[in-house]
Each structure stands twice: as structure tokens, then as C-alpha cells.
Amino acid sequence: MKDDIKIILFGAPGSGKGTQAVVLAQRLGIKRISLGDILRDEVKKQTSLGLEVKGYMEKGLLVPDELVSRVIEENIDRQGFILDGYPRTLNQAKALDEILGKHSIDIDAFVVLDVDEETVINRLSKRRVCKACGAVYHLINMPSKVEGVCDVCGGELIQRKDDNMEVIKKRWEVFNKENKPLLDFYQEKGKVFSLDGRKDKDEVFEQLAKEL
Ligand code: AMP
């Protein structure tokens with residue numbers, strides 16, 4: 001794998017994008033650009049962007065394109081990166097193409113993590129995240145050593161506001177509505193790799209490393 005590789009990680013909420021992106025970014029020494037994390041941070045800090053996006057995020061709806069394009073443009077550079085959670089719609093893919101074109105940057109791979117609804121519901125409804133460092137756990141598959149306490153930093157484990165059943169279903173619905181045209185767009189470019197995201201995270205990573 002080259003160390004300035006530029007990857008888009010794509011998949012439903014709960015497909016494991018974030019988990020894979022963290023490991024991949026560490027191994028390759030490249031930047032992970034997680035739009036969800038950036039937006040959550042803006043909400044936490046109550047910036048003007050944070051106040052604008054909060055309502056969409058709590059309902060499981062996509063934040064309007066013009067707000068997110070700006071964030072992406074500010075974060076992208078010529079060094080390698082993994083885009084986690086962007087683009088999610090055909091319009092965003094086109095906006096990204098424009099941004100990349102302006103800076104003469106090419107995407108090397110569009111990686112799809114395939115999952116079904118049952119997997120998504122199971123993963124997200126039992127997901128817990130560290131309030132302080134963002135480490136991710138699962139009540140059954142990947143519990144912390146001490147209940148409610150982060151193994152990494154000792155921070156408090158919480159459930160994300162949008163990880164409740166009603167919002168999970170909404171996010172799955174939004175994903176399904178948007179994903180086909182986006183996939184077709186990248187299929188045409190011939191850079192798509194699909195992996196079975198239902199598998200255990202180490203197996204998915206092995207497969208991912210092989211493909212890249
Ligand atoms: P995530 O952490 O990827 O599950 O994203 C959490 C929430 O952030 C989503 O439900 C959206 O409200 C917002 N968000 C993340 N990525 C995008 C995107 N590409 N476009 C619009 N909204 C997004």
C-alpha cells in the first residue's frame with residue numbers, strides 16, 4: 001500500500017467504517033477524515049456550524065450538502081487520507097470530484113462495506129462510545145473490561161443520541177435511498193472494492209489490506 005493512498009470508505013451506519021478507518025489510518029500513518037466525528041465535535045463545542053447541524057443529526061437525517069462540502073474542503077490535502085462517511089449521496093460525490101479536481105487529487109479506491117439491516121440494528125443499538133476519547137465498544141461483542149468505563153482512557157461510556165432504535169431505522173432508510181446512485185457513480189470510475197462487512201473486524205481488515 002502506498003503511504004499517500006486516498007481512500008473512500010463507504011457503508012451503512014454500523015457497517016464498521018469508523019473501526020476500519022481508525023486501524024487503517026494508524027497502519028498507514030495517514031489522516032482519517034470522519035465527517036460524523038467532525039460534526040459531533042462542532043455540536044459539542046456549540047459552534048455556529050454545530051448549532052446548524054445538531055437537529056439533522058439527532059433525527060438521523062443528512063446535513064445539507066453545502067454545509068458538509070465546506071468541512072471536507074477544509075480537511076482534504078495532497079497527503080494520503082481515508083474519507084469515512086463522505087460522500088453519502090450522488091450530489092456529494094460530484095461536489096467531492098470538484099474539490100479534488102481543484103487540488104489535482106485522485107481517489108485510489110472506493111471501499112464498500114456490505115451489511116444487512118439486522119447487523120446494523122444489532123451493532124448500533126448495543127454500541128457504546130467513550131465520551132472522552134471516542135473509543136467504540138459493543139455490549140456483547142466488544143464489552144469494556146469494567147462496565148461503563150473506557151479501557152483506553154478511563155472515560156465514561158455513553159450511548160450516542162442517534163443510536164436509539166427509531167433513529168437507527170431512519171438512518172438505515174436514508175442510507176438505502178441514497179446508496180445506489182452513488183455506487184453506480186464510482187462503479188463507472190472502476191475503483192470499487194466490496195467487502196463483507198458482517199464479518200469480524202479483523203477478518204474485514206485482512207481482506208481490506210489485501211484488496212488495497
Ligand atoms: P456517522 O457518525 O457517520 O454515523 O454520522 C452521524 C450523522 O452525521 C449522520 O446521521 C448525519 O446527520 C451526519 N453526517 C455524517 N456524514 C454525513 C454526510 N456525508 N452528509 C450529511 N450528513 C452527514
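- Between the side chain of K6 and the backbone N or O of R78, at least one donor-acceptor pair lies under 3.5 Å.
- Nearest heavy atom pair, residue P181 against residue L90, reads O-CD1, 3.9 Å.
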#### Entry: salt bridge (Lys or Arg N to Asp or Glu O under 4.0 Å) between D37 and K44, worked out
CA-CA 10 Å; D37 281 359; K44 201 165 149 189; over 6 Å; no

#### Entry: Residue pair Y137, V152: steps toward the side chain to side chain contact (heavy atoms under 4.5 Å, CB included) verdict
CA-CA 11 Å; Y137 299 86; V152 182; 3.9 Å; yes

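- Screening L28, L24, I82, I107 against I5 for a side-chain contact (heavy atoms from CB on, under 4.5 Å) leaves a single residue, L28.
- Counting non-hydrogen atoms of neighbouring residues, nucleotides and ligands closer than 6.0 angstrom, the NZ atom of K169 reaches no more than 12 such neighbours.
- Listed here is the closest heavy atom pair of Y56 and L62: CD2-O, 3.6 Å.
- There is no path of hydrophobic side-chain contacts, each under 4.5 Å, that joins V22 to M142.
- Criterion: ILVMFWY side-chain heavy atoms under 4.5 Å apart, direct or through other members. Under it, L183 and L195 are not part of a common hydrophobic cluster.
- Using a cut-off of 4.0 Å between Lys/Arg side-chain N and Asp/Glu carboxylate O, D162 and R127 are scored as not salt-bridged.
- Formation of a donor-acceptor pair under 3.5 Å by the K17 side chain with backbone atoms of G11 is found in this model.
- For E206, the CD atom is loosely surrounded, since the number of other residues' heavy atoms within 6.0 Å does not exceed 12.
- Side-chain atoms of E147 never come within 3.5 Å of backbone atoms of L139 as a donor-acceptor pair (strictly under, hydrogens ignored).
- The aromatic rings of F110 and Y186 lie parallel to each other, with less than 30° between the two planes, well short of the 60° mark.
- V167 and L39 fall into different hydrophobic clusters, where Ile, Leu, Val, Met, Phe, Trp and Tyr are joined by side-chain heavy atoms under 4.5 Å apart, directly or via other members.
- Applying the 6.0 Å contact sphere to CZ of R198 captures no more than 12 heavy atoms from other residues, nucleotides or ligands.
- Annotation for L124 and G14: closest pair CD2-CA, 3.6 Å, computed over non-hydrogen atoms.
- Taken from CD in Q20 to CZ in R32, the straight-line distance is 11.5 Å, to the nearest 0.5 Å.
- The CD1 atom of I105 sits 6.0 Å away from atom CD1 of I76, with the distance rounded to the nearest 0.5 Å.
- Remark: K191 NZ to D108 CG distance equals 7.0 Å, nearest 0.5 Å.
- Placement of L51 and V53 in two distinct hydrophobic clusters is found when ILVMFWY residues are connected by side-chain heavy-atom separations under 4.5 Å, directly or transitively.
- Looking at heavy atoms from C-beta onward, F10 lies in side-chain contact with N179 at the 4.5 angstrom threshold.
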### Check against side chain to side chain contact (heavy atoms under 4.5 Å, CB included), T119 and D116
CA-CA 6 Å; T119 307; D116 51 50; 2.6 Å; yes

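- Distance check: I33 CD1 to N75 CG gives 5.5 Å after rounding to the nearest 0.5 Å.
- When K126, R171, R128 are each tested for a salt bridge (Lys or Arg N to Asp or Glu O under 4.0 Å) with D163, only one passes: R171.
- In K31, the NZ atom is crowded: over 12 heavy atoms of neighbouring residues, nucleotides or ligands sit closer than 6.0 Å.
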### Task
Let me see the working for L157 and V149 under side chain to side chain contact (heavy atoms under 4.5 Å, CB included), right down to the final yes or no.
CA-CA 6 Å; L157 299 187; V149 181; 5.7 Å; no

### Task
Might you work through the salt bridge (Lys or Arg N to Asp or Glu O under 4.0 Å) test for K170 and E173, ending with a clear yes or no?
CA-CA 5 Å; K170 185 75 207 168; E173 194 187 298; 3.2 Å; yes

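- With hydrogens and angles disregarded, no donor-acceptor distance shorter than 3.5 Å links the side chain of H103 to the backbone of E73.
- Scanning both residues, G16 and L113, for their nearest heavy atoms gives C-CD1, 3.7 Å.
- We find that R88 and E178 are not joined by a salt bridge, their nearest charged nitrogen and carboxylate oxygen being 4.0 Å or further apart.
- From I72, atom CD1 reaches atom CG of L96 across 7.5 Å, with rounding to the nearest 0.5 Å.
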### Task
Would you check, one step at a time, whether the test side chain to side chain contact (heavy atoms under 4.5 Å, CB included) holds for K94 with F185?
CA-CA 9 Å; K94 290 180 179 164; F185 181 81; 4.1 Å; yes

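- Here Q187 contributes atom CD and K180 contributes atom NZ; the two are 8.5 Å apart, rounded to the nearest 0.5 Å.
- In plain terms, the two heavy atoms of S15 and V115 that are nearest each other are CB-CG2, 3.6 Å.
- A single hydrophobic cluster is seen to contain both V204 and V111, as judged by linkage of ILVMFWY side chains at heavy-atom distances under 4.5 Å, directly or through other members.
- Contact between A12 and V120 at its shortest, heavy atoms only, is CB-CG2, 4.2 Å.
- A donor-acceptor pair under 3.5 Å is absent between the side-chain atoms of N122 and the main chain of E118, judged by distance alone.
- Each of Q92, K102, K189 was evaluated against D97; a single residue qualifies, K189, per the side-chain hydrogen bond (donor to acceptor under 3.5 Å, both in side chains) test.
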